[in-house]
Each structure stands twice: as C-alpha cells, then as structure tokens.
Amino acid sequence: MISFESDYNNGAHPSVLQHLIDTNTYQSASYGSDVWSEQARKKIREACQCPDADIYFLVGGTQTNATVIDGVLTGYEGVIAVETGHINVHESGAIEASGHKIITLPSHNGKMDAKDLADFHTRFFADPVYEHMVIPGIVYITFPSELGTVYKADEIARLHELCQEYEVPLFIDGARLGYGLMSHECDFDLPWLAKHCDVFYIGGTKVGALCGEAVVFPRNNAPRHFFNIIKQHGALLAKSRLAGVQFDALFTDGLYFEISRQAIEKAMHMRQLFTDAGIPVKDSPTNQQFVVLSTHQIDQLRQSVSFETWEPVDETHTLCRFVTSWATTDSDIMVLKKALSSL
C-alpha cells in the first residue's frame with residue numbers, strides 16, 4: 001500500500017541517515033553545544049544571509065509553535081491567526097494550554113489578508129475598554145498555508161509592514177517551508193523571507209529529517225533567556241547532536257531545497273493525473289494536493305493507496321488530501337495513476 005497521507009510518514013533522507021551513521025561514534029557536547037549544531041547554525045545563517053541570526057533546534061512543530069509564541073508574549077497577550085491556522089485547528093489547544101488566547105481572523109484560501117489584520121487593530125484599539133481584553137501580541141501565519149497555498153512577496157511584505165506599525169512580531173510557521181519556497185508560485189527566496197518577518201522556523205520533520213525544527217530569529221532578536229523557555233516547554237534535546245547532524249546534512253550543498261523541489265515535481269505530476277481523470281482539484285501549488293472525491297471513488301482508491309479525508313463537501317463527496325514528500329518516487333505516482341485509471 002502506497003501512502004500519500006502525509007509528508008512525515010517516512011524515515012529520513014539517506015544523506016541525513018548517512019551523516020548520523022558517520023558521526024555516531026564521536027562524542028559531543030550536549031544541549032546545543034555540539035559541533036554539528038554549530039556547523040548547522042553557520043550554514044543556515046549563510047543560507048538566510050543573516051550573519052547575526054539566533055538559531056535554536058527544537059524537537060517538533062507543535063513544541064516549536066507553543067515555545068515561540070509563549071516566549072514572545074506576556075501573560076495578558078494573545079496570538080492572531082486565521083481560522084484555519086495550524087495552531088488553531090491541529091495542535092490540541094497547545095497555545096491555549098500555555099495561557100494565551102488565539103484571536104482568529106477569516107481565512108482566505110488558508111491565508112491571512114492584510115486588510116483583515118488592519119481592520120482588526122483599528123476596531124480593537126478604538127474600543128475604549130480594550131485594556132480589559134486580550135492584547136494582540138504576535139501575528140502567526142504558516143508558509144505554505146494549511147491548504148497548500150503560498151503567500152506572494154507583496155502579501156507577506158504588507159503583513160510585516162503592519163506588524164512593524166503595530167509593534168508586534170510576525171511569526172512564520174515553516175513546518176513545510178522547503179515545499180513552499182520551491183513552489184513555482186513562490187516569488188521570493190529564503191533570504192527575502194528572513195528579512196520580512198521577526199521569527200520563523202525551518203521544518204525538518206516534514207522535509208527530510210527524522211525530527212527537528214530550526215527556529216530562526218534573523219536579527220539577533222530572540223527573547224531573553226529563550227534557552228530556558230525551550231527547556232521549560234520540553235522542547236530541548238539533551239542529545240542535541242540528533243538535530244544538529246540532521247540540519248548540517250540538510251543545509252549541505254542545497255539538499256534541503258533540492259529534495260523539496262523534487263516533492264513539488266511529484267505533486268504537480270499527481271495533480272495532472274487527477275485533472276486528466278476529471279477529478280476536481282483545489283488550487284495548491286505545493287506538495288499538498290486537495291481533490292474532491294465521491295464516496296465510491298474513495299472506496300476504490302483506498303484499495304491501492306492511502307490518503308486523508310479532509311472535510312465533507314456534500315452528502316456524497318469529500319475533500320481529500322494527497323501529500324508528496326522528499327521520499328515520493330515515480331513508481332509511487334504510477335501506482336496512483338493505475339488506481340485512477342480503474343475508477
């Protein structure tokens with residue numbers, strides 16, 4: 001059975017595994033002080049063109065979102081996100097568990113609209129009793145979005161401009177960052193992104209690593225005692241080499257971007273197969289493809305491939321998600337092609 005359920009249901013890219021094997025017998029310092037973590041930080045700073053960036057390696061995406069948001073906010077502040085944002089839907093209340101409210105704005109195909117953000121701030125601070133309310137303290141977006149869409153440069157630039165005006169940081173969840181940057185609709189690169197936000201993270205778990213995310217504060221702007229905050233949230237690896245070695249491999253010779261590009265190519269091939277089969281496809285230029293399938297089609301396809309049902313469309317149709325990754329092969333796509341031909 002071929003799985004298109006997610007982009008983290010495989011192990012690690014062979015180059016990452018090989019680097020883990022090659023370094024396995026060496027002893028190292030811990031808690032982020034190992035030589036490989038230092039090498040990875042240097043390579044990430046170079047890739048971002050941010051020589052003064054603060055970089056921390058955390059264990060996973062949920063821990064990263066909760067740690068960054070809690071680390072930036074005071075106790076009376078909340079985080080602004082769209083209704084479909086990952087922290088609002090798929091993290092089991094991790095943000096709320098740290099004592100912070102998620103303030104939701106409308107989702108526009110998964111994205112936040114700058115006008116909605118501006119209108120919210122205008123209304124909020126026009127309220128004479130706003131001091132009795134949860135103060136917006138950070139803006140959170142995902143790139144790419146939960147629906148596989150990507151922000152254009154002017155959209156992120158406008159959000160960042162508003163955040164600077166309101167004196168709140170812009171936080172970009174990059175769990176699938178590589179797949180967003182390698183999308184044919186993305187009109188900026190990693191250095192540009194680093195200059196147009198206040199904190200972001202480079203996802204490893206979904207892009208070739210066994211686990212781990214690299215949090216980047218691009219201008220030496222990490223919160224005070226952020227190391228302690230990471231540990232308090234249970235997101236710190238004592239055996240930090242596990243993350244350091246992996247990101248050292250991913251940021252050697254452009255591997256992170258190459259494997260992301262390959263996943264996008266497979267996703268576009270998949271998209272064409274659905275289109276050729278007359279199956280409605282939602283707009284997504286990344287490795288997540290959303291298609292509308294009938295109940296019969298779902299039952300038929302599940303005999304050959306696994307995928308995720310997302311949400312009902314009507315009584316007999318469901319929006320389903322098919323995801324490629326660094327590990328998706330041409331033969332995997334051919335299995336799907338054969339399954340579609342039998343519908």
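Follow the hydrophobic side-chain contacts under 4.5 Å out from M133 and you reach L105 in the same cluster. The same ILVMFWY cluster, assembled from side-chain heavy atoms under 4.5 Å apart, contains both V134 and F124. By the rule that hydrophobic residues join a cluster once side-chain heavy atoms approach within less than 4.5 Å of another member, I55 and L255 end up as members of one cluster. Neither L58 nor L242 shares a network with the other; the hydrophobic side chains, linked directly or stepwise wherever heavy atoms of I, L, V, M, F, W or Y lie under 4.5 Å apart, form separate groups for each. By the rule that hydrophobic residues join a cluster once side-chain heavy atoms approach within less than 4.5 Å of another member, I141 and F171 end up as members of separate clusters.
Around atom CZ of F290, more than 12 heavy atoms belonging to other residues, nucleotides or ligands sit under 6.0 Å away. The local environment of CG in N9 is crowded, with over 12 non-hydrogen atoms from other residues, nucleotides or ligands closer than 6.0 Å. Around the CD atom of E165, the shell of radius 6.0 Å holds more than 12 heavy atoms that belong to other residues, nucleotides or ligands. Enclosure of atom OH in Y76 is not indicated, since only 12 or fewer non-hydrogen atoms of other residues, nucleotides or ligands lie within 6.0 angstrom.
In this model, a donor atom of one side chain and an acceptor atom of the other lie less than 3.5 Å apart for D332 and T329. Under the 3.5 Å distance criterion, with hydrogens and angles disregarded, no donor-acceptor pair is assigned to the side chains of T149 and N109. When only modelled atom types and interatomic distance are considered, S306 and S3 share a side-chain donor-acceptor pair under 3.5 Å. In this structure, a donor-acceptor pair under 3.5 Å is absent between the side chains of N221 and D198.
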Decide salt bridge (charged side-chain N to carboxylate O under 4.0 Å, His left out) for E38 and R41; before the verdict, give the C-alpha distance in whole Å, the side-chain angles of both, and the deciding distance to 0.1 Å.
-> CA-CA 5 Å; E38 288 299 330; R41 289 188 188 98; 2.9 Å; yes
Derivation of the side chain to side chain donor-acceptor pair (under 3.5 Å) call for H86 and E146 = CA-CA 7 Å; H86 193 71; E146 285 296 280; 3.0 Å; yes
When you look at S325 and K206, which way does the side chain to side chain donor-acceptor pair (under 3.5 Å) test go after all the steps?
-> CA-CA 8 Å; S325 75; K206 296 175 181 177; over 6 Å; no
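Residues K152 and F188 have side chains not in contact (no heavy-atom distance under 4.5 Å, counting atoms from C-beta outward). By the 4.5 Å heavy-atom criterion applied to side chains, F251 and Q39 are not counted as neighbours. In this structure the side chain of T318 never reaches within 4.5 angstrom of the side chain of W310, judged on heavy atoms. Using a 4.5 Å heavy-atom threshold, the side chains of Q246 and F57 count as separate. In this structure, D7 and V207 have side chains that are not in contact, with every pair of non-hydrogen atoms separated by 4.5 Å or more. Side-chain contact check for D189 versus L181: every heavy-atom pair is 4.5 Å or farther apart. Using a 4.5 Å cut-off on side-chain heavy atoms (C-beta onward), I80 and V168 make no contact. At a threshold of 4.5 Å between non-hydrogen side-chain atoms, the residues M270 and T328 do not count as touching.
Of all heavy-atom pairs between N65 and Y140, the closest is OD1-CE1, 3.7 Å. Between R45 and P51, the closest heavy-atom pair is CD-O, 3.5 Å.
Note on ring orientation: taking the six-membered ring where Trp is involved, the planes of F307 and F322 are parallel (angle under 30°, cut-offs 30° and 60°). Note on ring orientation: taking the six-membered ring where Trp is involved, the planes of F217 and Y56 are perpendicular (angle over 60°, cut-offs 30° and 60°). Taking the six-membered ring for Trp and thresholds of 30 and 60 degrees, Y166 and H121 have nearly parallel ring planes, at less than 30 degrees apart.
Between F143 and F200, the ring center distance fails the sub-6.0 Å criterion.
The existence of a salt bridge linking K266 and D330 is confirmed by a sub-4.0 Å separation between a basic side-chain nitrogen and an acidic carboxylate oxygen. With respect to E46 and K43, no salt bridge is recorded, no charged nitrogen being found less than 4.0 Å from a carboxylate O.
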